[in-house]
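In the text below, chain A, chain B and the rest are named by the order of the sequence lines, each starting its count at 1.
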Protein chains: 2
Amino acid sequence: MTVGRRRGAELEEAILRAAAEELRASGYAGMTMDKVARRAGTNKNAIYRRWPQRAALGVAAYKYVADARTPTVDTGSLRGDALELLRQANATWSSPHGAVLRDLLAAAADEPALLELLREQAGGGALSAAWFTLLGRAVARGEAPPEAVQPRVAALPMTVLRGEYALRGVPAVPDEVLVEIVDEIYLPLIRGRGLPCPKPQPAG
Amino acid sequence: MTVGRRRGAELEEAILRAAAEELRASGYAGMTMDKVARRAGTNKNAIYRRWPQRAALGVAAYKYVADARTPTVDTGSLRGDALELLRQANATWSSPHGAVLRDLLAAAADEPALLELLREQAGGGALSAAWFTLLGRAVARGEAPPEAVQPRVAALPMTVLRGEYALRGVPAVPDEVLVEIVDEIYLPLIRGRGLPCPKPQPAG
DNA sequence: CCTGATACGGTACGCCCAGTACCTTGAGGA
DNA sequence: TCCTCAAGGTACTGGGCGTACCGTATCAGG
């Protein structure tokens, strides 16, 4: 009746796919080991043989669907680039895919090892690199002072966007907020860093 | 043996105290209803008669210990005020008290009602008000341009600090980072917003 | 083709915890 | 005093994580 007993990579694929589907359908909280096993047409043993804990499976399932595409933009202006990158990030986090990631982050609060992995995905590596190159290009064009190229400054819009997520309940920040972040915060900050700027109150 | 059967407010106090102690001892995940009941010298019924769910008890216990002190600072300069407020926030979030709050936030990801309450505590109301008055004073002193008085701008240092928490595993951000946030981001931003600033590249 | 080793499948556990039901017992008010 | 209501005690359902055990299919090697 069955097409034979699956083993190794094939079974692993099936489990990951099932876990990913469960994540999408019920969120991380609803991703039960039994349900994953049933959906994958196997049982919990096969899962626990590969991942020691539910959280580990969750992370694996997330990485399975997360195509680690490095965001790239080049609109020709700092403003355009920043806005585009923000929009991409906003779209990503607003998708069900982003919801899963947020659930996972919340649920893994007591699993240091998993937090590490997730943190990377959530905006550690590739993303901050994108902001760096973006700023670098702006400097080359003379749009930004070299002093502005600095980790905390470069990726500030993403930080503010995350803050916006924290304030509102759920993502999907309206586009005008993204524009505001760029025009009222990022660009003025870059400008402000360009000034040798005598303090307005040179007291002291 | 016992001092008699406790009722009403007295019992409620005891439960809240016990729940708070459990939170401190084992985090939210370890705050079991049975354990709270046992520690309070009562049983789960008395708890469920007052709070319908575990999460509700968690929030109540948190609010029980959280003395909602409104932070106030006035060092005489924008830089000093901002730094002081950041230091206070950092101290708060680094304390076990802050750890409980973070646990709670993570655990309540699927309880919209609780999220609301927590969000308020986490920096919604009183805190952003403090940043507003701080900036207002700076404007009055001529240290900052009036255009800078804007929600997202005013509380930006807190947003960046939260971002720092997200990147590192656990709070307790070193003091020099707080200084950097103020000197490299907040102050330059305020400065930059003061300029009518012709765009460096007026293309278009 | 036969024989192991390995891993899959099935099932049944143990444990813990949330939340509920039911009854007994004490305390305070009328 | 008696009555009511809440507190205490205990047991139970339901469900989820993680484990154990055992039969069985697949694969590798001779």
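With sequence neighbours excluded, no residue satisfies salt bridge (charged side-chain N to carboxylate O under 4.0 Å, His left out) with B:R49. The salt bridge (charged side-chain N to carboxylate O under 4.0 Å, His left out) search around A:E184 returns B:R193, not counting sequence neighbours. Every residue meeting the side-chain hydrogen bond (donor to acceptor under 3.5 Å, both in side chains) condition with B:R17, not counting sequence neighbours, appears here in chain and number order: B:E13. Residues satisfying the side-chain hydrogen bond (donor to acceptor under 3.5 Å, both in side chains) criterion with A:R87, sequence neighbours excluded, are A:D175. In this structure B:R50 satisfies the salt bridge (charged side-chain N to carboxylate O under 4.0 Å, His left out) test together with B:E12, sequence neighbours excluded. With sequence neighbours excluded, the residues forming a side-chain hydrogen bond (donor to acceptor under 3.5 Å, both in side chains) with B:T75 are B:D81, listed by chain and number. Every residue was checked against the salt bridge (charged side-chain N to carboxylate O under 4.0 Å, His left out) condition with A:R7, not counting sequence neighbours, and none meets it.
Atom-to-atom, CZ of A:R7 to P of D:dC27 comes out at 7 Å; the value is rounded to the nearest Å. Between the CD atom of B:E10 and the C1' atom of C:dG28 there is a distance of 14 Å, rounded to whole Å. Rounded to whole Å, atom P of C:dG9 lies 13 Å from atom CD of A:E12. Whole-Å rounding puts the A:L11 CG to C:dT6 P distance at 18 Å.
Between its two ends, the helix from C:dC1-D:dG30 to C:dA30-D:dT1 turns its axis by 0°, counting five pairs per end and rounding to 10 degrees.
Residue contacts for A:R38: at a heavy-atom cut-off of 4.0 Å it reaches no nucleic acid atom on any strand shown.
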* Once each nucleotide of nucleotides 14-24 of chain D is scored for protein heavy atoms under 4.0 Å, what B/S/- sequence comes out, 5' to 3'? -> --SBBBBB-BB
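Note on B:E143 versus B:R79: no salt bridge recorded, every NZ/NE/NH1/NH2 to OD/OE distance being 4.0 Å or above.
A sub-4.0 Å separation between OP1 or OP2 of D:dG8 and a side-chain N or O of B:T42 is present.
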